[in-house]
Each structure stands twice: as C-alpha cells, then as structure tokens.
J.: 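The structure that follows is given in the form of structure tokens.
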There are 2 protein chains.
Amino acid sequence: MATGRTHRPATRSRGIPEATVARLPLYLRALTALSERSVPTVSSEELAAAAGVNSAKLRKDFSYLGSYGTRGVGYDVEYLVYQISRELGLTQDWPVVIVGIGNLGAALANYGGFASRGFRVAALIDADPAMAGKPVAGIPVQHTDELEKIIQDEGVSIGVIATPAGAAQQVCERLVAAGVTSILNFAPTVLSVPDGVDVRKVDLSIELQILAFHEQRKAGELAAGAVVPAAASRQETAARRGAAAGREPAADQGPDGDVPAVMPT
Amino acid sequence: MATGRTHRPATRSRGIPEATVARLPLYLRALTALSERSVPTVSSEELAAAAGVNSAKLRKDFSYLGSYGTRGVGYDVEYLVYQISRELGLTQDWPVVIVGIGNLGAALANYGGFASRGFRVAALIDADPAMAGKPVAGIPVQHTDELEKIIQDEGVSIGVIATPAGAAQQVCERLVAAGVTSILNFAPTVLSVPDGVDVRKVDLSIELQILAFHEQRKAGELAAGAVVPAAASRQETAARRGAAAGREPAADQGPDGDVPAVMPT
DNA sequence: CAATCTTTGTGCACGCGTTCACAAAGGCAT
DNA sequence: ATGCCTTTGTGAACGCGTGCACAAAGATTG
C-alpha cells in the first residue's frame, strides 16, 4: 500500500487491532463483488484469495467482529457485508469536504468510490477566487472564506486536503478549528494536529520511491549474478540499466554521475 | 499513509527492514527542506520532529544504512540526502509509464513530486482512441496498442495503473509481459502478478473508510459519556451524528435506517 | 590536556501481528 | 441416528517493529 500510515498509534478500540481495521475495506470490496454475482456464501479460503490475504488471517480478523461464519459452510455474504459496513461506520452518511481543487482534488471529486461507500462530497473548497462557482464533478467550488461555515452547517467531520504542501498546515488548522476530527492528507507534508484528531496520509511519490528501492535491489542482484526466482524474460533490460549500480561505494558518485535528487517538495 | 501495502512480504534486502525503507522517503523530504534552507547539520531529535517520527526510531533506521552521524553534533544534511537518495535508488533515472489517463492519471502526470525525485514520465497511455495525441501535462497520450513497444524502447521497469478496476488486471499482465517489474496500482482491485514483480497499492476510498471507523468510534465514546482527551469544541456536532451509533446491536438496523453500502467497486 | 556536555548508536525488552495447526462445530450422506 | 467430511474459530509460537535507556564517542570549553 501504498500510502502513509497513521501519525498516532490510534489505540485499538473494542479490541479490534488496527491492522485488522485496515483490511476490513479489502474484505468488503471482495464481498461486494460476490454479492453482485449473487453468491450466497463464501469460505474463508475463497474470500482470502479474492482479497489477496492469508485465510488464517482473514478468519482471525473476522473473529474480532464476532462469530459470523458457519462451520463446514463458510460465511453468508450479505450478512458479512452488512456487519463489516456497520463496523466501519459505512451505514451512516459521512459528509466530506475536499480542499484544494487542482488536478488531484478534481480527480478525488470525480472518484466514484466515495459516494458508493457512504461518503458524500459536501463541498469543494479552493483558495483561488477564479475557481469559485465553477462546477467540478457537478459541484460548484466554493472559496476558502466559506470553509468554517460549510463545516459547521453540514456537520462535516472528515476533511480531505489536496492543496500544495505549503498551504496544507494552515488549511488543516482551520479545518480542525471548525470541527473536523479526521483528515486525509494528500499534501506531501507532515501535519501537526491536536490530540483527538486522526490524520492519514497518502503520498504518491513515497510509494514510487519504495518501488524504486526494490527495483534497484532486483537489478543489483541480477548484475551480481545472484539467483532470481522468476522474471527471466526481463533480465537483459533490467541488467542493462542496473549494472553500474553496484552495492559498494566504488566511486563517491552515483551511477549516472548525477547529483543527489533535490526537489522543491 | 494511507495507503495500501505490499502484496508480498518483499523479503528484507541487505538487512534493511521494510518498515525502515518506507520511512526513508519521509526523512529525505525533511532533509531536502533543510538543505534548501542551507542548514548544515541536524540532530536526530530535530529531524525526527520534522519527519513526524520518534528520534530513537530514526537513529535506528539510519544505523541500518551505516554510521553517517557525528556524536555530539548530528548528521550532515547534504551527505545524508545523498546517502538516502542513493539507497532508494533515486540517483538514477527511472522512466515510468502511466496507464489510464482519466482524472487521476492526469493528476499523476501533472504531479511535480515525480520528476523531482528521479522519476521521468516516459509515456502516458490510454485505451480511448479519442485521447491519442492529446497532450496531458505536455506529453501526448498514446494508445494502448503502443504499450509493449514503449516499455521496451524506453526500458521502463515501473508502471502506474490508473485505469478503471475492470481493466487493471489485463493492463497489469501486458505491462509485466512487456518487462515491467514494479507496479503502482491505483485501481481498486487486487492484482495478481508472477513472482519477482512488486505491486504497491494506493486506494483512496480505503483510507477514508479507516478514518470513518475511528470517527465512529470517537462519536460512540462521546455518546457513551466516556472521557475524551481533547477536541472538546467539537463535541456537539460529533455527538449529534453519532449518538445512535452505539456499540451494542440495540437495533438490527443502522443508525440512519439505510441499507449496507453496496457499490460497483 | 582534562573535564564536561551533547548526541549518536545499540542492547534489550515488550507488544503487536502473523502463521501454524488443531479441536470444536455444524452440515450431509447413508 | 450415526459417522464422515468440511470449515470455522482460536491457542500458541514466532518474528518483526518500537521505544527505552545507556554506554561510547566526539566536540567544546577552560
């Protein structure tokens, strides 16, 4: 996954481990797909395969919610969909505001995965006066001045920050002051928030950097002639690029002779 | 972070724990900011605060890379930027293709955080013939038919999937067959890939669902009259919505009387 | 040069998460 | 009704990640 992780450990609630909570949406998605195909029941083995996890893990996860399965048969799909939705709080309506309607903000506003899971885009907010009134995804963009009023009128408790990094902390503070207690942050910054406010972070470039690390490792192993499990068809190309990227600091310079990556965040 | 996690455990390489690798980009960002302000050295305490982590954790993370600090002084910012960039493989050029140029794909193409960290958008690919030739972020979109050729010509090993869920697996298979060994998946599906291929997942709606879970828990605790650390100013609104969302299954129905969230993925 | 002060690097313990393996439980066939 | 077969639910062991606390190391000051 991408994605960042919580800032605070987020103490486990009612004994449901954080790791399990993070997997519930995965199960829910797989179950929903089964539900649409009118599959009545599913075994832990099948569902685990569909969700991409270990079946023992899945059973243990479900055991935290209660005993919703039938031995010898499996789980009732519809019932499980409901129980998980309920546990995640998706049976209620969650008004959400998106702040920062650039490319990413617009993409989020258009993203279908929100509305279908109980999330309602209550407002789109941007600091650019030129954006005000312009409809995005059928919703008129409102100016930042209205932020506090919107939050309070709509009873918004979840905010999405898709602004540039420089504006994120300030927006965050205004959201929190107005009553938001959960924030999904797409800006590449560490947000500091008071206790009681949850922040989750999604960072697009971090994920790529992690991939690059593993990719480099693969290339290094190939160049070193180490055994590699599969991906044999790829060897030439990977080796071509990574051959010079040896482990030891033979030279003090990078393989391309370039300078360290420096960016304006 | 949000975010999804790796599909495979991704065996630790050269003894650097996966958790540490995931934090290196955070440190790198904080260090880059310091570098721009021409700060020569930084202590583990300061840097940890800037990156939003524990200072002991940070020191332990750095210890996996080697002894790059000076006791009594701290770490040399420039040197550390270089070492981390190098470790992450950011000192080399990574051509990347983005498949699926919808709202999200366009946002990714425009995202500045890529180019600045050694990632180069080698091509934008979309299945819609009407998109072909249309420039997005200054790069002309190419048709899916060209996929294999592009991958091979450019030596691309990292692919980004931003297609609808239904197309993701097929695109994935074509990418892998053409030589891609690392995939960043934004489509809400579990991708199945052969050994040797890394997949990281970013799922926007999963993060929101996790926030909703905690939000519901907070609301439940407030309604139950439990002590709550801070966020006192918010109590009324949160309680208003969450009051009926008690822990015990008083009614078999959700607080809003609505049906379980069912969506088309 | 010696004493002091700051900060790193890490040994150690603890807790969480994962996985194995199996007993209990229920359906189903005979 | 009885026995078999399937699948759940979970006890227990293991490994990873985290955080504490401190010794070692180097700078700095007198």
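Chain letters run A, B, ... following the sequence lines, proteins first and then strands; every chain starts at 1. These values consider heavy atoms only, across backbone and side chains, with no hydrogens, waters or symmetry-generated copies.
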J.: Could you run down nucleotides 24-30 of chain C 5' to 3' and tag each one B, S or - for protein heavy-atom contact under 4.0 Å?
T.: BBSS---
J.: Rounded to whole Å, please give me the gap between NZ in B/Lys57 and P in C/dA13.
T.: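 In whole Å, C/dA13 P and B/Lys57 NZ are 21 Å from each other.
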J.: Could you tell me how far apart B/Tyr64 (OH) and D/dT18 (C1') are, to the nearest whole angstrom?
T.: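 Whole-Å distance recorded here is 10 Å.
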J.: Under the side chain to side chain donor-acceptor pair (under 3.5 Å) criterion, do B/Thr32 and B/Glu36 qualify, and how do the steps go?
T.: CA-CA 6 Å; B/Thr32 305; B/Glu36 279 163 14; over 6 Å; no
J.: Is there any salt bridge (charged side-chain N to carboxylate O under 4.0 Å, His left out) pair reaching into residues 56-68 of chain A, and which pairs are they, with sequence neighbours excluded?
T.: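 Checked against salt bridge (charged side-chain N to carboxylate O under 4.0 Å, His left out) - neighbours excluded - the pairs reaching residues 56-68 of chain A are A/Arg23-A/Asp61.
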J.: Let me know the distance between CD of B/Glu18 and P of C/dC16, rounded to the nearest Å.
T.: 22 Å
J.: Keeping the roles fixed (side chain from B/Gln216, backbone from A/Leu88), state whether a donor-acceptor pair exists under 3.5 Å.
T.: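 Here the side-chain-to-backbone pair does not exist.
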J.: Please tell me if A/Tyr68 has a side-chain N or O lying less than 4.0 Å from either OP1 or OP2 of D/dT7.
T.: no
J.: To the nearest Å, give me how far apart CD1 (B/Ile16) and P (D/dC16) are.
T.: 15 Å
J.: Does a nitrogen or oxygen in the side chain of A/Ser44 sit under 4.0 Å from OP1 or OP2 of D/dT7?
T.: no
J.: Is A/Arg117 close to A/Pro25 at the side-chain level, that is, under 4.5 Å between some pair of heavy atoms?
T.: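 Heavy-atom side-chain distance check fails, nothing below 4.5 Å.
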J.: Map B/Thr20 and A/Gly66 onto DNA chain D by nearest heavy atom, then report which one ends up closer to the 5' terminus.
T.: A/Gly66
J.: Using the closest heavy atom to pick a nucleotide of DNA chain C for each, name whichever of B/Lys60 or B/Glu45 lands nearer the 5' end.
T.: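 The answer here is B/Glu45.
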J.: Quick one: which of D/dT8, C/dC20, C/dG17 gets closest to the side chain of A/Ala19?
T.: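 Per side-chain heavy atoms of A/Ala19, the pick is C/dG17.
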J.: At 4.0 Å (heavy atoms only), tell me whether A/Phe62 reaches a base, stays on the sugar-phosphate, or touches nothing.
T.: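 Contact class for A/Phe62: none.
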J.: Report the nucleotide, chosen from D/dT18, C/dG17, D/dG19, that has the shortest atom-to-atom distance to any side-chain atom of B/Arg23.
T.: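 The listed nucleotide nearest to B/Arg23's side chain is D/dT18.
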J.: Counting only side-chain N and O atoms of B/Arg59, is one of them less than 4.0 Å from OP1 or OP2 of D/dC22?
T.: no
J.: Can A/Gln169 and A/Glu173 be said to form a side chain to side chain donor-acceptor pair (under 3.5 Å), step by step?
T.: CA-CA 6 Å; A/Gln169 179 63 42; A/Glu173 283 163 16; 2.9 Å; yes
J.: Write down the distance between CG (A/Leu65) and P (D/dG9), rounded to a whole number of angstrom.
T.: 10 Å
J.: Find the distance A/Leu80:CG to D/dT8:P and express it as a whole number of Å.
T.: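 Value for this atom pair: 11 Å.
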J.: Counting side-chain heavy atoms from C-beta on, which of C/dG9, D/dG19, C/dC20 comes nearest to B/Ser67?
T.: C/dG9
J.: Centre-to-centre under 6.0 Å for A/Tyr79 and A/Tyr68, is that the case here?
T.: yes
J.: Measure CD/A/Glu46 against P/D/dT8 and give the value in whole Å, please.
T.: 9 Å
J.: Rounded to whole angstrom units, what separation is found between the CG atom of B/Asp76 and the C1' atom of D/dA27?
T.: 15 Å
J.: Going by heavy atoms in the side chains, are B/Gln209 and A/Leu24 under 4.5 Å from each other?
T.: no
J.: With a 4.0 Å limit, can you tell me whether B/Ser43 has a side-chain N or O closer than that to the phosphate oxygens OP1/OP2 of C/dT7?
T.: no
J.: Determine whether a donor-acceptor pair (N or O, by modelled atom type, separation under 3.5 Å) exists between the side chain of A/Ser35 and the backbone of A/Leu31.
T.: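 Side chain of A/Ser35 to backbone of A/Leu31: no pair is present.
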J.: Counting only side-chain heavy atoms from C-beta out, which of D/dT10, D/dG17, C/dG9 sits nearest to B/Tyr75?
T.: C/dG9
